Trainee: 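Below: one structure in structure tokens.
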There are 2 protein chains.
Amino acid sequence: MKAGLAKGTRDFLPEQVRKRNYIFSTIREVFSLFGYQALETPAMEQLDTLMGKYGEEGDKLLFKILNSGDYLKDCSSEELQTASSQNLLKKISEKGLRYDLTVPFARVVAMNQHLISFPFKRFQIQPVWRADRPQRGRYREFYQCDADVVGSNSLVYEAELMQIYDMVFAQLGLPVKILINHRAILEGLAVQVQAQDQFIQITAILDKLDKIGQDGVRNVLYNLGLNPDQCSWILNQIEKKKIEDYQFNDHAIRATEELQKVFHFLKSYSFKNELVFDPSLARGLSYYTGCIFEVVPTQAKMGSLGGGGRYDNLTGVFGLKGVSGVGISFGADRIYDVLEEANVWPDYLDNTVKAMILSLDELSLEEAMIVATHLRSNKIAVEIYPELSKMKKQFAHAEALGAEYVIIIGETERNEKMYNVKNQKTGNQERLTIDGLIKLLS
Amino acid sequence: MKAGLAKGTRDFLPEQVRKRNYIFSTIREVFSLFGYQALETPAMEQLDTLMGKYGEEGDKLLFKILNSGDYLKDCSSEELQTASSQNLLKKISEKGLRYDLTVPFARVVAMNQHLISFPFKRFQIQPVWRADRPQRGRYREFYQCDADVVGSNSLVYEAELMQIYDMVFAQLGLPVKILINHRAILEGLAVQVQAQDQFIQITAILDKLDKIGQDGVRNVLYNLGLNPDQCSWILNQIEKKKIEDYQFNDHAIRATEELQKVFHFLKSYSFKNELVFDPSLARGLSYYTGCIFEVVPTQAKMGSLGGGGRYDNLTGVFGLKGVSGVGISFGADRIYDVLEEANVWPDYLDNTVKAMILSLDELSLEEAMIVATHLRSNKIAVEIYPELSKMKKQFAHAEALGAEYVIIIGETERNEKMYNVKNQKTGNQERLTIDGLIKLLS
């Protein structure tokens, strides 16, 4: 049989795992520094938990799992004959794969509310699955990296999350602009043009400003039923660059107060990247109610590398009302692509093992075991070439693996307990005792 | 709606994640010390890749994923009317969830054989899914931790893998016995009683010795068609404790030579646990062909905590023939349960954040942001209590989270830039500058 991957999925070979883990651990360490704690949820959720949470399109993109055993046992042959994919689904599938990390998080909070001390700061770095049509940069299995805090509406958290974005991208050496806006400004715009009911649609339209430009936005707003003056007014408003200029109604005033407070909390923090108020920032998701964020790279051509915002009622659907929260997310796959293109990975990611031991004869292979044991008990990662192949072949393997040093053992070396060690980069060779090796390689 | 988990799955709250990560990272570090490199494969595989690899029972226990979109579109209503769960499956599902890490590993090696420098040492720590009936200690989603090397039949690897077992369990503080045997001894037994065709069945029977005892094994062997003398001979053979006593035919002689070589490679290594030759060790899986291993705890009542062995043709089914390999696996869930019962987790796992900052008024909350920024830029994990609640409530939250220190800021503290810090364990209090805090908490 021909070996193949499921469509839209990927294997990660060791070099890719090292690079991905570098991104994940950078994010994880900064999350931890800010007191966020790791949570993990299962890949499979009850379909009830997932369906209806991501819109109609989302329901379609959920991967559904066939019930185990004789999954048709409750279906009569009459039912089957007239079955459509949609009405049969309820009978044959009751589980689905996680579609994002937010809904499972809300479920966990609702289920464990009596165990949790609020505010609850959690981060979660796990894969999600979507039956999207695969294309460049879009996969059916991909990782999300989320940090959220629920159970407080303090703006301290908005400020902290901006610091997290700044620190992560500074550590990754990836210059970004962090954009911030407030949903109440957008809501204020809709109210001001007597279109409060269309607030979500207007938000979705403004979200496309980057792609379709001012005229595009003007057209779509007009088609939504706004008159030309209203369209122009909205487009003029979101041109203003200063927070204090947004005072046109109560909604906008609440937004500016909160935004100013966030900037105030940050006044003594020196950003390595720029934090910018951007009134045209909209964010597509409907559940945001307060500050919203997005991160865009300043040097690479790539969409946003992360985003987030405050929401008021995430856990409500699971029976826990009135819990406010705010969170951010990192797009690990895009960050990977940007780092890969700029090739700014740290050098140490090339190193797999510190040294590989090559042996010239059978007794030297036994000696190699002894040397390796000493080195490993000193926390030095070493490999033994396990066969008595030609030196050329052994060296080629050490090269392929990226061993920093090669240790060669033959009759003289094992008799004198002095081992030949070669730095693979510089070509330098030395003869060292076991203690000398430990010192060199530590 | 009522929030619930899919049957047989678990959430891991922060404390559990910390404990689980402690196990995983201990294993991962030892794997890396021996030059094993991380590989990751997708959760979903083509059903073709998975079906037929785990026996008939395994095929049933695979979680199958419904094709996305209108999954019934290729089924006529006649077909549907007479459909059985089994014959409909091929039409509506072409993907399944990973059942173990071995088959995906074989697929990766076959697909990437020209990119890989052999011998290829990989480890993989990822969840797998099985539609087993859930029960105590058995879950539908659980992690496997595997290390395998393919592309060499050197016994250096068997020796190294025994050291890996020893080092991991020593580091975890969990005393074990590491059992080793060789499939060729078992094959030799079958040959000697003229039952070579029944070698796999005999192996499976001997594997049950622990559970059904000598008489049980004798009965089942007898029912298999062996005469009483043959049954007794087999049972007598596996009573012998010394490797050199197994010389009864060519199969057994090959086995003893290989086992002796493994012990020889290990003669200068001082085990912290015991490595024991156990001729009754059988291992259920049919694909093993050389040395086999199992790890059992010596103090806890629990089945094996890991196992493995050498196999000759894992990648053959994917078109890459003649690749020998050897590997081991750790049972992370059982290790967790044993550590939990003995409560031998390291103390540092209790610590979530180093300090929590409590504020007495609004201006102190701003000061808290400044102090937190200083501490975090010195890699000290701190939390800010984000609201001006009663001190009792703020302290209770610090307690619940397990913060080691509490820093209290009020008017005096922020004016004098001297901060009150309390060690939550000892109750000791000090007043320190920001530099003093950094020194204390680093």
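Fair warning: this is a prediction, and the values are worked out from it, not measured in the lab. Per chain, numbering begins at 1; letters A, B, ... match sequence-line order. Keep in mind that the numbers below use all heavy atoms, side chains included, and drop hydrogens, waters and symmetry copies.
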Trainee: Over all heavy atoms of both residues, which pair between B:A3 and A:M111 is shortest? Give the atoms and the distance, please.
Mentor: CB-CG, 3.6 Å
Trainee: Heavy atoms, side chains only, cut-off 4.5 Å: are A:L401 and B:Q37 in contact?
Mentor: yes
Trainee: Shorter than 4.5 Å, heavy atoms on both sides: which option in B:L155, B:V353, B:I65, B:L47 has the most such pairs with chain A?
Mentor: B:I65
Trainee: Quick check on A:T41 against chain B: is it the side chain, the backbone, both or neither that has a heavy atom closer than 4.5 Å?
Mentor: both
Trainee: So, do A:F63 and B:K95 sit near enough that their side-chain heavy atoms are less than 4.5 Å apart?
Mentor: yes
Trainee: Do any N or O atoms from the side chain of A:Q81 and from the backbone of B:Q81 form a donor-acceptor pair under 3.5 angstrom?
Mentor: no
Trainee: Below 4.5 Å, heavy-atom pairs only: which of A:P119, A:P104, A:A400 has the largest tally toward chain B?
Mentor: A:P119
Trainee: Heavy-atom distance under 4.5 Å to chain A: side chain of B:L320, backbone, both or neither?
Mentor: neither
Trainee: For a quick test of reading the model, state the closest non-hydrogen atom pair linking B:L5 to A:Q46 and the distance between them.
Mentor: O-NE2, 2.9 Å
Trainee: For the candidates A:T82, A:L61, A:I92, which exhibits the highest count of non-hydrogen atom pairs separated by less than 4.5 Å from chain B?
Mentor: A:I92
Trainee: Heavy atoms only: give me the nearest A:T49-B:G4 pair and the separation to one decimal.
Mentor: OG1-O, 3.9 Å
Trainee: Would you say B:K272 has more than 12 foreign heavy atoms packed within less than 6.0 Å of its NZ?
Mentor: yes
Trainee: Measure distances from A:M44 to the heavy atoms of chain B and classify the residue's part below 4.5 Å as side chain, backbone, both or neither.
Mentor: both
Trainee: Strictly distance-based, threshold 3.5 Å: is any side-chain N or O of B:S85 a donor or acceptor partner for the main-chain N or O of A:L72?
Mentor: yes
Trainee: More than 12 non-hydrogen atoms from neighbouring residues, nucleotides or ligands closer than 6.0 Å to NZ on B:K19, yes or no?
Mentor: yes
Trainee: B:S32 and A:A381: which non-hydrogen atoms are nearest, and at how many Å?
Mentor: O-CB, 3.4 Å
Trainee: Of the backbone (N, CA, C, O) and the side chain (C-beta and beyond), which part of B:T352 lies under 4.5 Å from a heavy atom of chain A, both, or neither?
Mentor: side chain
Trainee: Of all heavy-atom pairs between B:Y143 and A:E40, which one has the smallest distance, and what is that distance?
Mentor: OH-OE1, 4.2 Å
Trainee: If I measure from the heavy atoms of chain B, does A:R122 come under 4.5 Å with its side chain, its backbone, both, or neither?
Mentor: neither
Trainee: Chain B heavy atoms under 4.5 Å from A:K121: which part of the residue, side chain, backbone, both or neither?
Mentor: side chain
Trainee: Sort A:T315 into side chain, backbone, both or neither according to what part of it lies under 4.5 angstrom from a heavy atom of chain B.
Mentor: neither
Trainee: Taking all atoms of both residues into account, what is the closest heavy-atom pair of A:L80 and B:A83, and its distance?
Mentor: CD1-O, 4.3 Å
Trainee: Which one wins on heavy-atom pair count under 4.5 Å against chain B: A:A6, A:P386, A:S77?
Mentor: A:P386
Trainee: Report yes if some heavy atom in the side chain of A:V382 is under 4.5 Å from a heavy atom in the side chain of B:L33; otherwise report no.
Mentor: no
Trainee: Where on A:Y157 is there a heavy atom nearer than 4.5 Å to chain B: the side chain, the backbone, both, or neither?
Mentor: side chain
Trainee: Examine whether an atom of A:K267 lies under 4.5 Å from a heavy atom of chain B, and if so say whether it belongs to the side chain, the backbone or both; otherwise answer neither.
Mentor: side chain
Trainee: Tell me, for B:H374 versus chain A, whether the close heavy atoms (under 4.5 Å) come from the side chain, the backbone, both or neither.
Mentor: neither
Trainee: Relative to chain A, which of B:N153, B:L115, B:L88, B:V149 shows the most heavy atom pairs under 4.5 Å?
Mentor: B:L88
Trainee: Heavy-atom distances under 4.5 Å only: say whether B:D48 touches chain A with side chain, backbone, both or neither.
Mentor: both
Trainee: With respect to chain B, which residue among A:R20, A:K379, A:K354 yields the maximal number of heavy-atom pairs within a distance under 4.5 Å?
Mentor: A:K379
Trainee: Using a 4.5 angstrom heavy-atom cutoff, name the option from B:A38, B:G8, B:S68 with the most pairs to chain A.
Mentor: B:A38
Trainee: Heavy-atom pairs under 4.5 Å with chain A: which of B:E45, B:K60, B:Q163, B:M167 has the most?
Mentor: B:Q163
Trainee: What part of B:S84 gets within 4.5 angstrom of chain A, counting heavy atoms only: side chain, backbone, both, or neither?
Mentor: backbone
Trainee: What are the residues of residues 10-17 of chain A, in order of number, with any heavy atom under 4.5 angstrom from a heavy atom of chain B?
Mentor: A:R10, A:D11, A:F12, A:L13, A:P14, A:V17
Trainee: Looking only at heavy atoms and a cut-off of under 4.5 Å, which of B:E78, B:E94, B:H264, B:R18 has the most pairs with chain A?
Mentor: B:H264
Trainee: Any Lys/Arg nitrogen of A:K261 or B:E366 sitting under 4.0 Å from an Asp/Glu carboxylate oxygen of the other?
Mentor: no
Trainee: Taking side chain as everything from C-beta outward and backbone as N, CA, C, O, which of these in B:Y139 sits under 4.5 Å from a heavy atom of chain A? Side chain, backbone, both or neither.
Mentor: neither
Trainee: Any side-chain heavy-atom pair from B:L66 and A:Y71 closer than 4.5 angstrom?
Mentor: no
Trainee: Would you say B:E141's side chain and A:A43's backbone share a donor-acceptor pair under 3.5 angstrom?
Mentor: yes
Trainee: Do the charged groups of B:E160 and A:R376 touch, with an N to O distance under 4.0 Å?
Mentor: yes
Trainee: Which bit of A:F120 is near chain B, if near means a heavy-atom gap under 4.5 Å: side chain, backbone, both or neither?
Mentor: side chain
Trainee: Highest number of heavy-atom pairs under 4.5 Å with chain A: which of B:A159, B:S152, B:G319?
Mentor: B:S152
Trainee: Would you give the length of the straight line joining atom CG of B:L365 to atom OG of A:S154, rounded to the nearest 0.5 angstrom?
Mentor: 6.0 Å
Trainee: Sort out for me which of A:I116, A:I380, A:L39 touches chain B most, counting heavy-atom pairs under 4.5 Å.
Mentor: A:L39
Trainee: What part of A:L89 gets within 4.5 angstrom of chain B, counting heavy atoms only: side chain, backbone, both, or neither?
Mentor: both
